[in-house]
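Heads up, the thing below is written out as structure tokens.
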Amino acid sequence: MTKNIKLNMSRRIRRTPYTNRVEEHGVSDFTVVNHMLLPKGFKNSVEEDYWHLSKEVQIWDVSCQRQVQISGPDAAALIQKLTPRSIKTMETGKCFYIPMLNENAGMINDPVLLKLDDDMFWVSIADSDILLWAKGYALGLNLDVNIEEPDVYPLAIQGPKSEDLLVSIFGEEIKKIKFFNFRVVDFEGTKQVIARSGYSKQDGFEIYFKVHEKYFDKVEMGEKLWDTIWEAGKKFNISPGCPNLIDRIEGGLMSYGNDFTGENNPLECNLEKYCKDDVSHDFIGKQALSKIKNEGIKQKMMGIIFDGDPCPSIGQPLQVLSKDNKKIGQITSGIFSPRIKKNIGLSMILKEYWNVGESVFIQTLDGGKRNGTITSLPFPD
Ligand code: THG
């Protein structure tokens with residue numbers, strides 16, 4: 001479609017400390033998330049990257065996972081207002097996946113929350129302006145908090161060899177980091193947060209790389225970190241990468257703004273388990289969520305497996321029809337899975353049709369129809 005049309009760069013589309021390196025490695029496409037560049041592909045196909053990710057180790061510039069730092073005496077109270085997930089039992093060193101809702105219980109973000117201390121949190125956001133939302137709410141409630149975007153640029157190390165690679169750089173302590181926990185580790189005399197997490201279904205880590213003032217600028221220090229990992233990674237067959245669409249869809253990881261939006265509530269997004277103890281505290285969207293829980297939801301996110309030629313990554317939603325040609329959903333992320341050897345997709349599906357095994361039609365952009373089947377998420381092995 002829009003081949004060879006370029007995006008005009010300016011300071012509004014922010015580069016990261018690693019953008020030079022990513023370009024040197026032959027990045028082919030970028031997208032923009034949180035007003036910052038996110039690489040979308042390199043020289044290899046999505047499929048080659050998928051196999052590499054499942055066997056080796058990759059380095060991803062995910063700086064666009066911006067941190068909203070909330071600190072001060074009322075920090076925990078504010079965080080609790082922003083999510084139905086209770087943080088009462090959350091300990092320092094933990095990461096929590098938290099839905100964030102508007103007043104209608106519509107999803108406004110699905111960040112990872114890190115507790116750095118009793119009065120210090122990072123909200124690692126998906127693509128929406130949570131800093132403004134949190135500041136506005138804190139101002140309105142007159143809370144004693146400080147909210148800012150710190151100079152933190154996450155770098156993800158993903159794949160089964162990520163542990164061995166990071167042990168070779170940071171030492172045995174890396175092995176002690178459990179899934180969705182973090183530790184503070186030394187890098188060149190600076191303190192760095194490393195969590196076992198990441199936007200893939202492989203083992204992996206995220207370095208919440210924080211710029212230290214002893215360096216000239218974020219690029220100098222960021223490239224130092226990148227180069228250190230790259231050099232040590234050669235022995236582990238490291239390659240540059242980015243969130244992989246095949247791995248993401250197979251794993252049922254949804255992308256905010258694309259697979260779900262403010263029009264969707266957390267129950268539709270299969271995030272009910274993070275809304276369980278919503279009676280214990282007050283939060284934005286509580287009443288609306290309670291009403292939705294009582295009335296029941298009308299659609300929810302499901303997997304779809306469908307026939308036909310291998311589908312390249314879809315740029316526009318594909319309609320999902322019932323066997324009697326009623327519109328029952330739309331595939332918002334879809335691609336050919338080389339493991340399942342069929343096309344796969346994510347779609348909200350109307351209640352009457354969301355049963356696993358239900359037969360459906362997928363309408364392609366050229367008007368053709370393909371046979372499909374509803375499946376559970378993550379996609380079965
Ligand atoms: N890492 C960090 N920040 C992020 C993302 C990330 N911000 C934006 C975006 N990704 C947020 N979305 C998700 C979605 C899913 C997960 C993490 C972030 C995830 N979920 C686990 C799963 O589904 O297996 C479960 C987590 C849990 O059990 O609590 O990993 O990737 N820093």
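Read the numbers this way: they start at 1 and go in the same order the structure lists the ligands and their atoms. Worth knowing before you read on, the calculation uses all heavy atoms, side chains too, and leaves out hydrogens, waters and symmetry mates. Since the structure is predicted, the reported quantities are computational estimates derived from the model, not experimental observations.
- Remark: ligand 1 atoms within the under-4.0 Å shell around heavy atoms of I125 are 7 (N), 8 (C).
- A cation-pi contact, defined as under 6.0 Å to the ring centre and within 45° of the axis, is absent between R339 and F379.
- Looking at S124, G252, G198, it is S124 that brings a heavy atom closest to atom 4 (C) of ligand 1.
- By the 30° and 60° cut-offs, the orientation of the rings of Y97 relative to Y274 is perpendicular.
- Ring to ring, H281 and F283 are close: their centroids are under 6.0 angstrom apart.
- Protein heavy atom in closest approach to atom 13 (C) of ligand 1: Y97 CE1, 3.5 Å.
- What sits closest to atom 21 (C) of ligand 1 on the protein, heavy atoms only, is F179 CZ, 4.3 Å.
- For ligand 1 and E206, the ligand atoms under 4.0 Å from any heavy atom of the residue are 1 (N), 2 (C), 6 (C), 31 (O), 32 (N).
- Grouping the Ile, Leu, Val, Met, Phe, Trp and Tyr side chains by contacts below 4.5 angstrom, directly or via other members, places Y353 with L318.
- The A126 neighbourhood of ligand 1 comprises atoms 7 (N), 8 (C), with distances under 4.0 Å to a heavy atom of that residue.
- With atom 15 (C) of ligand 1 as the reference point, the heavy atom nearest to it among V33, L253, V62 is part of L253.
- Protein heavy atom in closest approach to atom 26 (C) of ligand 1: F180 CZ, 3.5 Å.
- In terms of protein heavy-atom proximity, atom 6 (C) of ligand 1 is closest to Q65 OE1, 3.4 Å.
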Apply salt bridge (charged side-chain N to carboxylate O under 4.0 Å, His left out) to the pair D259 and R248, showing each step before the final yes or no. CA-CA 12 Å; D259 300 316; R248 175 172 85 72; 3.0 Å; yes
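- Remark: minimum distance from atom 10 (N) of ligand 1 to any protein heavy atom is reached at Y199 CD1, 3.8 Å.
- Donor-acceptor pairing under 3.5 Å is recorded for the side chains of R15 and N20.
- At a threshold of 4.0 Å, the pair K224-E220 does not count as salt-bridged, since none of the basic side-chain nitrogens sits closer than that to a carboxylate oxygen.
- The heavy atom nearest to atom 29 (O) of ligand 1, considering only Y256, Y274, Y208, is found in Y274.
- For the pair K323 and F361, the distance from NZ or CZ to the six-membered ring centre is under 6.0 Å and the angle to the ring normal is within 45 degrees.
- Contacts with ligand 1 closer than 4.0 Å are made by side-chain heavy atoms of K201 only, the backbone lying farther away.
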Please test F205 against S197 for side chain to side chain contact (heavy atoms under 4.5 Å, CB included), starting from the C-alpha separation and ending with a verdict. CA-CA 5 Å; F205 297 84; S197 57; over 6 Å; no
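- Of the listed residues (N109, D110, V112), the one carrying the non-hydrogen atom nearest atom 17 (C) of ligand 1 is V112.
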